[in-house]
K.L.:
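The structure follows.
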Amino acid sequence: MNIVKGCFGKTKKGETVTKYTLVNDHGYSVSVLNYGGIINEILVPDRHGIIKNVVLGYNNIVDYEENAPYFGCITGRTAGRIKDATFSIGEDTYVLGKNDGNNNLHGGFNALDKTIWNITEVVEKDVAMVSLNYMSPHLEEGYPGNVDIIVSYKWDNTNQLSISYRATTDQETIINLTNHSYFNLSGDFSTDILDHTLQIEADRFIQLRKDLTPEDISEVKDTPFDFRVAKTIGQDINENNRQLMIENGYDHPFILDSIKRPQITLAHERSGRKLSITTDETCVVCYTGNFLNAKFKAYDEVPLKKSAGVCLETQYYPDSQNFKLVPSKTLKPYEAYLTVTSYHFTN
Ligand code: GLA
């Protein structure tokens with residue numbers, strides 16, 4: 001195991017961006033930036049041992065700062081949308097930035113995806129890890145509490161990436177973190193992921209309003225949202241289904257089965273690459289890259305098409321302070337927020 005460090009550039013504010021490449025003994029690697037905790041590349045083999053990058057991103061900081069739909073980043077303080085960009089804890093109401101119409105998306109205008117994190121490195125015999133730390137001050141982007149956040153990326157010799165999220169606060173607050181990598185297991189970003197097979201162990205999903213905020217909970221049975229048996233993402237995506245039509249594809253939280261593991265499996269038949277995701281989280285948002293288009297040029301040359309990547313954003317119920325059909329969840333001063341999601345790549 002090894003960690004290779006390299007300069008990735010400087011932000012508009014002149015902050016140095018460093019790329020940390022975690023390399024295992026097989027030569028397969030995960031690269032992470034201190035800017036936004038972005039996963040910049042994941043290099044894994046196909047069935048013939050050919051190594052390709054399987055996540056969308058850029059090879060320069062300017063594009064990440066100015067033209068990135070959350071490629072690979074740590075997302076928060078709250079992943080997803082907060083309706084009307086407001087939430088209450090007890091008698092106190094907090095107002096967030098309205099960076100997505102009338103709602104807050106992914107923590108606001110200058111959220112964790114645009115933050116410079118302090119990185120420490122650990123290399124052991126079978127594991128290479130970077131831990132990213134950031135102290136988010138009280139009322140940053142409108143959220144209460146001085147919140148100390150640690151996100152660790154651990155890469156090992158079985159080609160498993162484990163991401164752990166830890167946080168503590170000095171005042172009751174809300175926090176719901178995820179990673180926003182767009183996967184395309186073919187490694188060819190001129191293609192879309194409609195040929196990937198997906199299995200999600202979820203009997204229910206959350207229906208969305210037109211503004212993509214949570215509205216209701218429905219069974220997946222007999223709907224295009226039933227991924228309990230693996231099927232291609234493209235099989236039902238163009239069905240005459242109201243939820244698919246108003247969201248222009250899948251962009252929905254699935255409520256995960258609490259027993260079956262792994263809860264999510266993504267596979268690309270032609271290359272033989274497979275991703276198995278295991279999490280202690282309640283939900284996964286499956287977003288099929290509905291807003292991707294040619295204005296995004298991955299790694300500077302490949303103009304993306306719609307659905308060039310799929311996001312599988314594990315998280316707690318989105319907007320649980322406002323979405324009354326699910327238990328609301330806050331972080332209190334004497335508690336620790338801790339959640340772990342593992343991504344196991346096989347071929
Ligand atoms: C999440 C949301 C999508 C979209 C992407 C970022 O996946 O669910 O609607 O906003 O983030 O582009």
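Read the numbers this way: they start at 1 and go in the same order the structure lists the ligands and their atoms. This chain uses plain numbering: 1 for the first residue, then up along the sequence. Keep in mind that the numbers below use all heavy atoms, side chains included, and drop hydrogens, waters and symmetry copies.
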K.L.:
Determine yes or no for a side-chain-to-main-chain donor-acceptor pair under 3.5 angstrom, with Thr115 supplying the side chain and Ala111 the backbone.
P.N.:
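At least one qualifying donor-acceptor pair exists.
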K.L.:
Could you tell me, atom by atom, which parts of ligand 1 come under 4.0 Å of a heavy atom of Tyr70?
P.N.:
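Under 4.0 Å from Tyr70, ligand 1 has these atoms: 6 (C).
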K.L.:
If you define the side chain from C-beta out and look only at heavy atoms, does anything of Tyr153 sit under 4.5 Å from Ile39?
P.N.:
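Yes, at least one pair of side-chain atoms sits under 4.5 Å.
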K.L.:
Quick one: does Arg81 get within less than 4.0 Å of ligand 1, heavy atoms only?
P.N.:
yes
K.L.:
Should you measure from each heavy atom of Glu313, which atoms of ligand 1 turn up under 4.0 Å away?
P.N.:
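Result: 1 (C), 7 (O).
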K.L.:
Taking only heavy atoms of His106, which atoms of ligand 1 are found under 4.0 Å from at least one of them?
P.N.:
1 (C), 11 (O)
K.L.:
Any idea which of Asp251, Thr288, Leu292, Val310 brings a heavy atom closest to atom 8 (O) of ligand 1?
P.N.:
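Residue with the shortest heavy-atom distance to the ligand atom: Asp251.
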K.L.:
Within a distance under 4.0 Å of any heavy atom of His180, pick out the atoms of ligand 1 and give their elements.
P.N.:
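Checking each atom against His180, I get 1 (C), 5 (C), 6 (C), 7 (O), 11 (O).
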K.L.:
Quick check on side-chain hydrogen bond (donor to acceptor under 3.5 Å, both in side chains): which of Asn159, Asp126, Thr158 does Asn24 satisfy it with?
P.N.:
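Exactly one candidate clears the test, Asn159.
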K.L.:
Short list, please: which atoms of ligand 1 are under 4.0 Å from a heavy atom of Leu105?
P.N.:
10 (O)
K.L.:
By the definition side-chain hydrogen bond (donor to acceptor under 3.5 Å, both in side chains), identify the one residue from Asp100, Asn104, Asn99, Thr213 that meets it with Arg81.
P.N.:
Asp100
K.L.:
Which of the atoms in ligand 1, numbered in the order shown and given with their element, are less than 4.0 Å from a heavy-atom of Tyr182?
P.N.:
6 (C), 12 (O)
K.L.:
Can the ring centres of Tyr182 and Phe71 be said to be less than 6.0 Å apart?
P.N.:
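Yes.
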K.L.:
Quick check: closest heavy atoms across Phe291 and Tyr287, and the distance to 0.1 Å?
P.N.:
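Between these two residues, the closest heavy atoms are N-OH, 3.0 Å.
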K.L.:
Where's the contact between Tyr250 and ligand 1, heavy-atom distance under 4.0 Å: side chain, backbone, both or neither?
P.N.:
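No part of Tyr250 comes within reach of ligand 1.
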K.L.:
Measure the acute angle between the ring planes of Phe225 and Phe205, then classify it against the limits of 30° and 60° as parallel, tilted or perpendicular.
P.N.:
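Ring orientation of Phe225 relative to Phe205: parallel.
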